[in-house]
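Inspection log for the structure reproduced underneath, given as structure tokens.
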Protein chains: 2
Amino acid sequence: MTERISDAEHAVMEVLWKRAPLTATEVADQVVQEKDWSLQTVKTLLSRLAAKAVVGTERDGRRFLYSPLVERDAYLTGVSRNFVDRLFGGKVMPLVAHLAEADELSAEDIREIEELLRELKK
Amino acid sequence: MTERISDAEHAVMEVLWKRAPLTATEVADQVVQEKDWSLQTVKTLLSRLAAKAVVGTERDGRRFLYSPLVERDAYLTGVSRNFVDRLFGGKVMPLVAHLAEADELSAEDIREIEELLRELKK
DNA sequence: CGTCAGTGACTACATGTGTAGTTTCATCGA
DNA sequence: TCGATGAAACTACACATGTAGTCACTGACG
């Protein structure tokens, strides 16, 4: 069971998944461009992630370098699975159907998915 | 902005979406078959949902009858959209790709989705 | 008529989450 | 050497959530 990552923490992870290791300040600089948080907030989130062993810390002189310990792919697979299980009884079809009915699928999306499925069948 | 429904609350909603209106006790009877909660817990969840106007209450003598005020479809569309936005930048393809790579898609799933997409293109 | 069972209302309480402020400690530059 | 700076650590605090206990009321039943 992968450790739970909250929404706010997720924003921090996205930065680290893009580039790592980074110092807290570097992470905050990135995050602040998206979310309107203070430096302290980002540091707290980093601490919590470190406490949960979702990011690792490496001492670099007087400061720390943070790196993800969980891979983005693994994380996404986990939450997606959980999501589909909880809301759609584990079936992907109803999810796609829903998005489709709600006009959330562009023609582009549809083409891409078809392509992907064709690949899968090989 | 549809009111936030927590995980526990969602379990209660599923019961009401299946059949409504129901009394608190009737809801609890159903929910307890899934989750190992006490009657009180279910009542609390119903109160919170009523407070958020996600379910409506109708007096029936000395007790209340509860009915959903939010449709299941609308709710699912909302959370799906939110989920895909937050985790996959609004694109459905990466989500499907993820589930596919993690072997979460059966051949059956794939056929069904293809069928659905074919329909959509008409 | 008094009691009990069922029901909603109110209260509780630990943990998680969003969002920071304050303290302390080390180091770098003057 | 000494103070300013910057970074981590510790503390804070309100609201959400999971999970439930207790109270008060009311109608049914003996």
Checking contacts here: which listed nucleotide ([options]) is nearest the side-chain heavy atoms of [X]?
X: Thr25(B); options: dG18(C), dT7(C), dA8(D); answer: dT7(C)
X: Phe64(A); options: dA20(D), dA8(D), dG18(D); answer: dA8(D)
X: Trp37(B); options: dA8(D), dA20(D), dG18(C); answer: dA20(D)

For residues Val32(B) and Trp37(B), report the shortest heavy-atom separation together with the two atoms involved. CG2-O, 3.3 Å
Separation of [X] atom [atom1] from [N] atom [atom2], in whole Å?
X: Leu45(B); N: dG8(C); atom1: CG; atom2: C1'; answer: 15 Å
X: Arg59(A); N: dA9(D); atom1: CZ; atom2: C1'; answer: 11 Å
X: Arg63(A); N: dT27(C); atom1: CZ; atom2: P; answer: 12 Å
X: Lys52(A); N: dG16(C); atom1: NZ; atom2: P; answer: 9 Å
X: Asp29(B); N: dG6(C); atom1: CG; atom2: C1'; answer: 13 Å
X: Leu65(A); N: dA7(D); atom1: CG; atom2: P; answer: 12 Å
X: Asp60(A); N: dG6(D); atom1: CG; atom2: P; answer: 17 Å
X: His10(A); N: dT17(C); atom1: NE2; atom2: P; answer: 14 Å

Sidechain N-carboxylate O distance under 4.0 Å for Arg72(A), Glu14(A): yes
Are Glu114(B) and Arg118(A) close enough for a salt bridge, meaning some N to O gap below 4.0 Å? no
Distance criterion of 3.5 Å, no angle test: do you see the side chain of Arg48(A) paired donor-to-acceptor with the base of dT19(C)? yes
Could you give the distance from CG (Leu120(B)) to CD (Glu115(B)), rounded to the nearest 0.5 Å? 10.5 Å
With a non-hydrogen cut-off below 4.0 angstrom, is Thr44(A) in contact with a base, only sugar-phosphate, or nothing? base
Do the side-chain N and O atoms of Ser80(B) and Thr77(B) include a donor-acceptor pair separated by under 3.5 angstrom? no
Is the phosphate of dG8(C) approached by Ser47(B) (side-chain N or O, under 4.0 Å from OP1 or OP2)? no
Output yes when at least one side-chain N/O atom of Arg4(A) is less than 4.0 Å from OP1 or OP2 of dT17(C), else no. yes
For Gly61(A) and Asp7(A), find the nucleotide of DNA chain C closest to each by heavy atoms; which residue's nucleotide sits nearer the 5' end? Asp7(A)
Map Gln40(B) and Thr41(A) onto DNA chain C by nearest heavy atom, then report which one ends up closer to the 5' terminus. Gln40(B)
